[in-house]
Amino acid sequence: MLLRLSKNAISLVTVGLVDKLAGVLFFAIIARKLTQEELGAYSLTLTLLLLGGLLANFGLEYVIIREVAKNRDRASALFSNSLLVTLIFSVVVWPLTVGLALLLDYPAEVLFLLGISGATLIFMSLGQTAGGVLKAYERMEIYALVGSVKSVLGLAMGVLILWMGAGVLGLLLVLMATEVPRTVLLVLLIHRRFTPLTWKPDRSIIWRIVKQALPFALLSIHGILIRRADLLLMGWLRPLEEVAVYSVAAKVSDFLDLFSGSLVGALYPAFSAKSIGLRLDSWRLYTDSLGVFAVLGFGAVFAIMALAEPILLLLSGASYLVGATALRWLGLSFLFAVLAGPVGTALMAAEDQMYRLLVLSALILGTNIALNLWLIPLYSYNGAAVAMFFSNGLGLAGRLFLARSYYGRWPNLLNIIWRPLLAGLGMVVLLELLRNLDAMVLMVVGGLTYFLLLVALGELGEPRYKSVRRRLLSIQTRIINSRPH
């Protein structure tokens with residue numbers, strides 16, 4: 001199971017890595033080309049587009065993944081009717097995002113940019129729905145290839161249009177020009193290779209999938225708001241220049257999210273399939289995935305704590321170094337979010353836990369908004385980062401309690417985290433001793449040190465990595481046997 005999850009996760013990480021690397025490189029370019037006010041407007045517009053896209057998708061991606069993973073005979077009807085619902089919702093959501101910007105009294109340039117580029121969210125949401133079919137069929141490599149091509153083309157077109165002297169509007173039009181063909185290609189591939197589209201809407205299916213999607217929609221909205229409420233409220237409460245500083249720190253956290261997000265994307269079909277079997281199978285997957293996520297989370301948070309200033313200097317230049325404290329708080333909050341990933345995914349796949357998860361999500365979101373409203377006026381971007389830290393900590397604790405109720409026992413958290421914790425501390429000590437080296441060199445040295453310490457502490461000897469070890473041994477044996485004697 002872990003081997004198949006690794007294959008799917010690698011595919012999702014690939015598209016995420018290409019997308020995030022292209023995004024980080026592009027962000028580094030525009031942070032130096034645009035003024036802080038322009039960068040703040042650009043960040044707010046992208047955030048609203050992302051929020052609108054999730055609202056328009058309405059959680060239908062997760063319904064498709066869960067239901068098609070259980071029974072592929074229903075794929076055609078689910079896909080066709082879900083696309084229709086997504087299209088209707090996206091047309092409604094577009095003006096709602098503009099209304100939200102008006103309600104928050106955003107500057108006129110943000111309203112103009114959102115009004116022009118808002119059509120992008122229609123194709124973003126349709127592409128997300130289509131991607132659910134490929135994930136349900138566990139063909140993440142196709143999804144990865146299409147997404148990677150789109151990211152590389154977007155980077156090339158964005159750099160070109162900046163070189164031609166275009167501003168923020170030109171950048172957003174590039175986003176639209178790459179999102180449209182990506183979505184069309186995904187739909188055509190699914191129609192011809194996996195499950196055909198039918199052009200006869202079925203009201204009963206539409207009503208059923210909307211009802212099933214509602215909890216996922218609420219959780220998705222919670223997910224984006226818990227990560228973006230700070231930026232949205234920064235745009236309301238602070239000048240665009242401070243929004244730009246916070247958006248740079250948040251960009252680093254977003255880049256790290258691709259690894260945990262890809263792993264969650266690979267886990268959900270597996271948890272969905274196991275939800276119809278023995279709960280013991282789901283428990284094993286739950287504890288194994290917690291161990292993998294802990295390795296990722298502790299490595300990332302210790303790297304950020306040690307390298308906040310070099311990372312910001314490399315990404316955006318000296319003018320954004322004031323965001324180092326905010327970045328460290330966001331790094332700590334990322335650890336909580338990563339550990340909560342497999343816990344929330346297991347609960348989402350168990351349909352009888354959705355209501356309790358929704359109640360917890362509403363509590364966390366309310367806490368996050370209240371903390372932001374209190375701390376942002378006092379401490380600006382640092383206050384927003386602290387609000388994220390406490391909100392994610394509450395989210396992890398709440399999800400662990402819900403999982404305890406569902407499985408009837410606690411995972412052995414001490415056994416799960418002690419190796420990544422010690423390896424991370426060792427990495428920090430070495431990075432502090434080598435602080436005068438180049439930032440890229442420090443990142444490579446830190447990553448290698450963390451991995452070698454994990455190996456020395458016996459992390460890779462844990463039973464959860466058995467299938468991976470067996471696969472690596474098989475590859476080694478084939479290589480040895482292929483050598484001429």
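Since this is a predicted model, take the numbers as computed values, not measurements.
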How close do [X] and [Y] get, heavy atom to heavy atom, and via which atoms?
| X | Y | value |
| --- | --- | --- |
| L232 | L104 | O-CD1, 4.2 Å |
| M427 | G447 | SD-N, 4.4 Å |
| L49 | L121 | O-CB, 4.0 Å |
| F79 | A130 | CE1-CA, 3.8 Å |
| L327 | A249 | CD1-O, 3.6 Å |
| V295 | E459 | CG2-OE2, 3.6 Å |

Do [X] and [Y] touch side chain to side chain, with heavy atoms closer than 4.5 Å?
| X | Y | value |
| --- | --- | --- |
| V248 | L39 | yes |
| K150 | L185 | no |
| Q128 | T86 | no |
| M388 | F334 | no |
| V444 | M440 | no |
| L454 | L460 | no |
| R182 | M124 | no |
| R399 | S361 | yes |

So, [X] side chain and [Y] main chain: donor-acceptor pair closer than 3.5 Å or not?
| X | Y | value |
| --- | --- | --- |
| R192 | L188 | no |
| Y246 | G40 | no |
| S90 | L87 | yes |
| S247 | A244 | yes |
| Y450 | G299 | yes |
| S125 | I122 | yes |

Check [options] against [X] for a side chain to side chain contact (heavy atoms under 4.5 Å, CB included) and give me the one that passes.
| X | options | answer |
| --- | --- | --- |
| F293 | D288, V343, V338 | V338 |
| L312 | L321, L307, V322 | L321 |
| Y106 | L48, T45, L100, L240 | L48 |

May I have the step-by-step check of side chain to side chain contact (heavy atoms under 4.5 Å, CB included) for F112 and L169, ending in yes or no? CA-CA 9 Å; F112 172 75; L169 178 59; 4.0 Å; yes
With rounding to the nearest 0.5 Å, note down the distance linking [atom1] in [X] to [atom2] in [Y].
| X | Y | atom1 | atom2 | answer |
| --- | --- | --- | --- | --- |
| E38 | L113 | CD | CG | 10.0 Å |
| T120 | L50 | OG1 | CG | 12.0 Å |
| Y381 | D230 | OH | CG | 14.5 Å |
| T129 | N81 | OG1 | CG | 12.0 Å |
| L189 | H191 | CG | NE2 | 11.0 Å |
| L231 | W236 | CG | CH2 | 15.0 Å |

With a 6.0 Å cut-off (strictly less than), is the heavy-atom count around CZ of F451, excluding the residue itself, greater than 12?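 12 or below, so no.
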Tell me whether the rings of F336 and F389 are parallel (<30°), tilted (30 to 60°) or perpendicular (>60°).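 Aromatic pair F336/F389 classed tilted.
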Checking L175 against L46 for the side chain to side chain contact (heavy atoms under 4.5 Å, CB included) test, could you report, in this order, the C-alpha distance in whole Å, the side-chain angles of both residues, the deciding distance, and whether it holds? CA-CA 10 Å; L175 176 62; L46 283 183; 3.8 Å; yes
